[in-house]
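Just below is one structure, and these are the notes that go with it.
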Amino acid sequence: MIAFVTGPVAALAPTTAVIEVGGVGMAVQCTPDTLSTLRIGQEARLATSLVVREDSLTLYGFADDDERQVFELLQTASGVGPRLAQAMLAVHRPDALRRAVATGDEKALTAVPGIGKKGAQKLLLELKDRLGAPLGTGTTAPIAAGPASWRDQLHTALVGLGYATREAEEAVEAVAPQAEAAGGDPQIGQLLKAALQGLNRTR
């Protein structure tokens, strides 16, 4: 198992970072929050989880070991694969997920694309004794300066989570006032949460 990768950031895309490790570019799937902390050319260390399938090897990257552990614990619930686990972490930080499960917050889980009311109820039951209590941490990091605008990053993240292009465009416009209020430093993680809440209300 590859527990972590360390090296300069060679490239960034809306859902992927390429980390150069010993002359090899490792493509790592990351949430918008994690990607927002990376800058091309700068050294990075990502905790990782390798998901092995018959036809693929996919490396998922996380800001810290706690996020990786939650990613792996989420997949112990029936019906939760790596993509859904990553979508859950794209919407909620690890502590927010622990809090949602500990308090039986069904609404928090249904804010994640792909989780309906029945699915949320099932997850709350299955994860109750697995995630543990909130640790009291989990601040949101501001996005780093990069070539893509917040609109492009947010739109691509929403499409990657399964929303149609038109839905994503409308969600981006809906949170534009919030982004503009933040000036030149909007937080993609916060905007993504707001956009998902809006989309969830309109469905």
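These values consider heavy atoms only, across backbone and side chains, with no hydrogens, waters or symmetry-generated copies.
Looking at every heavy atom in both residues, Ala90 comes nearest to Leu192 through O-CD2, 3.4 Å. The two residues Leu97 and Leu131 have their closest heavy-atom pair at O-CD1, 4.1 Å. When every heavy atom of Val9 is checked against every heavy atom of Ala44, the shortest pair comes out as CG2-CB, 3.7 Å. Taking each heavy atom of Val28 and Tyr60 in turn, the nearest pair found is CG1-C, 3.6 Å. The shortest heavy-atom contact between Thr16 and Ala27 is CG2-CB, 4.1 Å. Scanning both residues, Asp65 and Ala47, for their nearest heavy atoms gives OD1-CB, 3.3 Å.
With rounding to the nearest 0.5 Å, the separation of CG in Leu109 from NZ in Lys117 is 13.5 Å. Between the CG atom of Asp33 and the CZ atom of Phe62 there is a distance of 13.0 Å, given to the nearest 0.5 Å. Arg53 CZ to Thr58 OG1: the interatomic distance, rounded to the nearest 0.5 Å, is 8.0 Å. The CD1 atom of Ile40 lies 4.5 Å from the CG atom of Leu12; values are rounded to the nearest 0.5 Å. Atoms CD1 and CG, on Ile19 and Leu38 in that order, are 6.0 Å from each other to the nearest 0.5 Å.
Using a 4.5 Å heavy-atom cutoff, the side chains of Met26 and Ile2 are in contact. Residues Pro113 and Val91 are in side-chain contact: their nearest non-hydrogen atoms beyond the backbone lie under 4.5 Å apart. Between Phe4 and Leu46, every side-chain heavy-atom pair lies at or beyond the 4.5 Å cut-off. Contact annotation: the side chain of Gln86 never approaches that of Leu89 to less than 4.5 Å [non-hydrogen atoms, C-beta and beyond]. Leu74 places a side-chain heavy atom less than 4.5 Å from the side chain of Met88. Contact check for Glu43 versus Thr6: side-chain heavy atoms found under the 4.5 Å cut-off.
Taking a cutoff of 4.0 Å between a charged side-chain nitrogen and a carboxylate oxygen, Arg98 and Asp66 qualify as a salt bridge.
Of the candidates Gln75, Glu67, Arg68, Glu72, Glu72 is the only one forming a side-chain hydrogen bond (donor to acceptor under 3.5 Å, both in side chains) with Ser49.
Between the side chain of Thr110 and the main chain of Ile115, no donor-acceptor pair closer than 3.5 Å is present. Formation of a donor-acceptor pair under 3.5 Å by the Thr37 side chain with backbone atoms of Thr34 is found in this model. Side chain of Glu173 to main chain of Glu169: no donor-acceptor pair is present (N/O by atom type, distance under 3.5 Å, no hydrogens or angles). When atom types are taken as modelled, the side chain of Arg130 and the backbone of Glu126 share a donor-acceptor pair closer than 3.5 angstrom. Proximity of a side-chain donor or acceptor of Arg99 to a complementary backbone N or O of Pro94 within less than 3.5 Å is not detected.
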Open item on the list: side chain to side chain contact (heavy atoms under 4.5 Å, CB included) for Lys118 and Lys122? Distances and angles first, verdict last.
Closed with: CA-CA 6 Å; Lys118 288 185 178 179; Lys122 188 176 180 182; over 6 Å; no
TODO: Could you walk me through whether Gln178 and Leu191 pass side chain to side chain contact (heavy atoms under 4.5 Å, CB included), step by step?
DONE: CA-CA 8 Å; Gln178 180 179 332; Leu191 293 178; 3.9 Å; yes
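Val18 and Val51 are not part of a single hydrophobic cluster, where members link through side-chain heavy atoms under 4.5 Å apart. Grouping the Ile, Leu, Val, Met, Phe, Trp and Tyr side chains by contacts below 4.5 angstrom, directly or via other members, places Val5 with Val52.
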